[in-house]
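A note on names: the letters A, B, ... follow the listed sequences, proteins ahead of strands, and every chain is numbered from 1. Please read all numbers here as calculations on a predicted model, not as lab measurements.
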2 protein chains.
Amino acid sequence: MPARFEQLRPLFYPRAVAVLGASRHPLKFGFQYLRALQDFGFAGRLYPVNPDLKEVLGLKAYPSVAALPETPDLATVSVPAPAVPAALRECLARGIPGAQVLSAGFREAGPEGERLEAELRDIARQGIRIIGPNCFGVYSPAAGITLMPGSEFSPAAGGVGFFSQSGGGSCDLAYMARGRGLNFSVLVSYGNGCDLEAVDLLDYFREDPATRVVGAYLEGVRDGRAFLAALRRCAEKKPVVIYKGGLTETGRAGALSHTGSLAGEAAAWKAALKQAGAIAAESLPDLVECLMACVCLGEFTGSGLGILAGGGARNVEALDAAGHAGFGVPEVSSETRAAIAARIPPAGGRAGNPTDLANPVMAPSVIGPLMEALAGEPAVDALMLYQAVFYMQKEVRRYRSATPSAPALKLDYHLELAAVAERILKERGKPLLMILPDIASDPAHAEMEEARRAARMHYTSRGIPCFDHAEAALLVLKRLRARNLRVRGLS
Amino acid sequence: MPARFEQLRPLFYPRAVAVLGASRHPLKFGFQYLRALQDFGFAGRLYPVNPDLKEVLGLKAYPSVAALPETPDLATVSVPAPAVPAALRECLARGIPGAQVLSAGFREAGPEGERLEAELRDIARQGIRIIGPNCFGVYSPAAGITLMPGSEFSPAAGGVGFFSQSGGGSCDLAYMARGRGLNFSVLVSYGNGCDLEAVDLLDYFREDPATRVVGAYLEGVRDGRAFLAALRRCAEKKPVVIYKGGLTETGRAGALSHTGSLAGEAAAWKAALKQAGAIAAESLPDLVECLMACVCLGEFTGSGLGILAGGGARNVEALDAAGHAGFGVPEVSSETRAAIAARIPPAGGRAGNPTDLANPVMAPSVIGPLMEALAGEPAVDALMLYQAVFYMQKEVRRYRSATPSAPALKLDYHLELAAVAERILKERGKPLLMILPDIASDPAHAEMEEARRAARMHYTSRGIPCFDHAEAALLVLKRLRARNLRVRGLS
């Protein structure tokens, strides 16, 4: 393993963590971080450091880093900005390999902060890796550590490696990912990135066997050339999705005041990301869906869709989305058409591609054979099924008013459909994209929306990506396909 | 009032409705329609017509239209397609002014259906207006009538007039609109539009004093020139939002088989809609948000935004969205900046435009004065506030675990902010756009999502539009602004 990978591993999988600036005050970072690790269930050794305390949150506190009973793998620093350099020198002297600085008040805050940040960089050069400052640090579920506001992040480890200059954006992303079947190997909020930054993290995730897909929220990078080289190295090996904030004039001003980044020219950035083989995301929600597609659809390079939807407008919407994103909806053979026609209502239905199911809610015993029929067409590379969970759940509610003990979610229904999709993927290598539209806008329909999200979780956890619209699904698939063709030298 | 308006009014506000094809079979349209009207609470007279029945759903049934005790204002026809012409002739003979034909099997189904539909058109010319065939008909909350699958539509009447060639799309739209503060004057699903179609409905809604904003889902129109003339007449008087399905090659094929429409060229359509003064929507969810913006933001023509968000990435996202949609984020005076700085945390916060609140959840007592300060800037025409209800509700959940009697939604919080927004709108004419991001993806966080939707309902019902993303908000606002400038002759 390359040196950088070995160097960063203890920081991301620490067995002992020191917290400099530990506090008993519930609004202080040094309290909140300790409590987050306790709530999250960190099973390693946790060492509060504060000369004024004997104990905090039930943990013995130590007056200094030097007084700790062992050398921690990671230090978390939350003292005020002017006191950070001294704290880091303590860590360096003790031989701690890395520190995450949660404190703000550095480069983003003006000239004095800039001077302090340069001091941090000097300390890092003497032999300690620094994450931050102005960050939320590392979430590493397998190691049991999380971000300060991340005590409710998923405890399950997974295949997504993620890094972000924004702490708030990291939290949003982690919560947005939870219900979409995405779990993380390591997520790093690195803020101003005075030392550890995008290049290090791309190289780390490239080597990391636990990471299958890489994502990032960036506002700027220190060295554009080095970044693009690292990006190319990583993207050759694994899908990389990047959401670059600050691409417009107005956005650039915001990025500068947020993490002190010089955001660079929009057009240059977009072209460079694409050339380096990365997938460019347009927003945080789009980033989540791109990551989901990478995890679920892997090496997909097809172009022909087989579409099933209940209702004409939904079919027209799906067809428009296909046309817009450049996918084909090939005609099917007359045998396939006849096989479909035999299973759908004659009035209101339409057999073919797309197939109009005539009804937003059909049984898996009807839909399953139709999926098989479309997937049997040589020109169909993937299926897209529009499922209006809202209408299904309206029926469930009616049924439950008579039979209150009936379950609130037709789970059998979704498991049965997922099983069909899994079989088709295994036997024919053709994946399913599920469209679950968000219809239940009224809080009075909250149970329908909850059921939709539960269904989404079931599908995505089985590798079936779910989207709110056909348009979103296919604009994501288009970028994944283009990336896969590039990596294989086919475009 | 013009003749067309007077002619259609009884159909949309019927006091007596006949149902031809009334049935006791729960899967038949003629049963479902009757039950929907009963469930919805239709207070007029409801007359099932079926020679084989004496009674259905507690209502006396009649053997024929001729046998009815009075002449209904509207007939609902759900007999099989070949029997529809005879049924309509019965209605015509009785002098019923209009009929909605729910049955499918006409133009969309091939040559025989096409012949049948021509017969319907001939009957219409003899003196009865026909809605449909292959449609769900009229939802008119003030009259107490609804679509066959619309028994749970909102009973509240409002200012949106809507028409759609798709029945399923009409249902989706009505449910999607419920939680966004949108209520309808009349909604018409007119399917194949053999007689009544877009031109009639544009002219009707143009004259209708209850209708303030007009929306439509279209797949095609009978006479493009007449349609554009009617659209121009209507759009001069009221905002009109149109989602045109079937704009791509693939989508056109779908529209043809759905309602038999010839969809026309994409580019020509888009240009024509814009030239006629309409707002073009990109999808059903986008259509809902455009209608919401028209209702809430009316005659807005400004270009300068004052942005408040807690967290750097959220500000960068808002700035990028502003840049992308062509809005400015003007610098504020040093006095305004100082007034803001005095109220936000120094570490992590940023005073100015945008203002970074440093925290995704701030009290109205902090945010209110900041909104006032930004709105006091002459170059700021509208405010945009990013509110992460998810994080707020996480705190509520923590608090409720100690105090179970505490309310699940911090309603006071939202009402207090809404009051500030209402005051600023009244005193300065500057509206607020609320961004409520969808973060709680996991069903385990369903209560947070429910709270977000409840907050959204509270805001939108007070005229404050709510969006999931800054990007969506500003791409909607951009189109509304362009429409308003065109109507005033300013562009």
Side-chain angles (χ1 to χ4, degrees), chain A residues 104-105 152 166 168-169 172 175-180 217 219 245-251 253-255 257-259 283-285 310-317 319-320 322-324 328-329 347-348 350 354 356 360 390 394 437-443 445-446 449-450 453-454 457 469 471, chain B residues 104-105 152 166 168-169 172 175-180 217 219 245-251 253-255 257-259 283-285 310-317 319-320 322-324 329 347-348 350 354 356 360 390 394 437-443 445-446 449-450 453-454 457 468-469 471:
Chain A
E152 289 187 51
S166 166
D172 288 1
Y175 285 116
M176 288 157 74
R178 262 195 83 141
R180 309 300 282 273
Y217 169 74
E219 292 181 353
L247 281 177
T248 63
E249 279 299 330
T250 39
S257 66
H258 178 215
T259 55
S283 66
L284 274 189
R314 296 169 193 123
N315 275 305
V316 172
E317 194 168 67
L319 284 166
D320 273 346
H324 188 195
V329 184
R350 178 192 185 269
D356 187 342
F390 175 71
K394 277 185 65 190
D438 176 4
I439 297 170
S441 64
D442 190 325
H445 294 138
E449 178 58 18
E450 186 174 347
R453 289 171 188 236
M457 190 116 170
H469 322 283
E471 176 92 2
Chain B
E152 289 186 53
S166 167
D172 288 0
Y175 285 116
M176 287 157 72
R178 262 194 85 141
R180 309 299 283 271
Y217 169 75
E219 292 180 355
L247 281 177
T248 62
E249 278 299 330
T250 39
S257 66
H258 178 215
T259 56
S283 65
L284 274 189
R314 295 167 194 126
N315 275 304
V316 172
E317 194 169 65
L319 284 165
D320 273 346
H324 187 196
V329 184
R350 178 191 184 268
D356 186 342
F390 175 72
K394 278 185 64 189
D438 176 2
I439 297 170
S441 64
D442 190 325
H445 294 138
E449 179 58 17
E450 185 174 349
R453 289 171 188 236
M457 190 117 172
D468 290 0
H469 321 284
E471 177 92 2

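- Every residue two or more places apart in sequence or in another chain that forms a side chain to side chain contact (heavy atoms under 4.5 Å, CB included) with B/E450 is listed here: A/A446.
- Considering CZ of A/F390 and CE of B/M176, their distance stands at 11.0 Å, rounded to 0.5 Å.
- Heavy atoms only, all atoms of each residue included: A/R314 and B/D172 are closest at NH2-OD1, 2.8 Å.
- Not counting sequence neighbours, the partners of B/D438 by the side chain to side chain contact (heavy atoms under 4.5 Å, CB included) test are A/R453, B/E449, B/R452, B/D468.
- The part of B/P285 that comes within reach of chain A is its side chain, from C-beta onward, which places non-hydrogen atoms under 4.5 angstrom from that chain.
- Put simply, of B/G105, B/A104, B/A454, B/A177, the one with the most heavy-atom pairs under 4.5 Å next to chain A is B/A454.
- Inter-residue side-chain proximity for A/S283 and B/E471 is flagged as unmet; no heavy-atom pair is nearer than 4.5 Å.
- B/R178 places no side-chain N or O within donor-acceptor distance of the main-chain N or O of A/H445, the cut-off being under 3.5 Å.
- Considering all non-hydrogen atoms of both residues, A/S441 and B/Y175 come closest at OG-O, 2.7 Å.
- Across all non-hydrogen atoms, the minimal contact from B/E219 to A/V316 is OE2-CG2, 3.4 Å.
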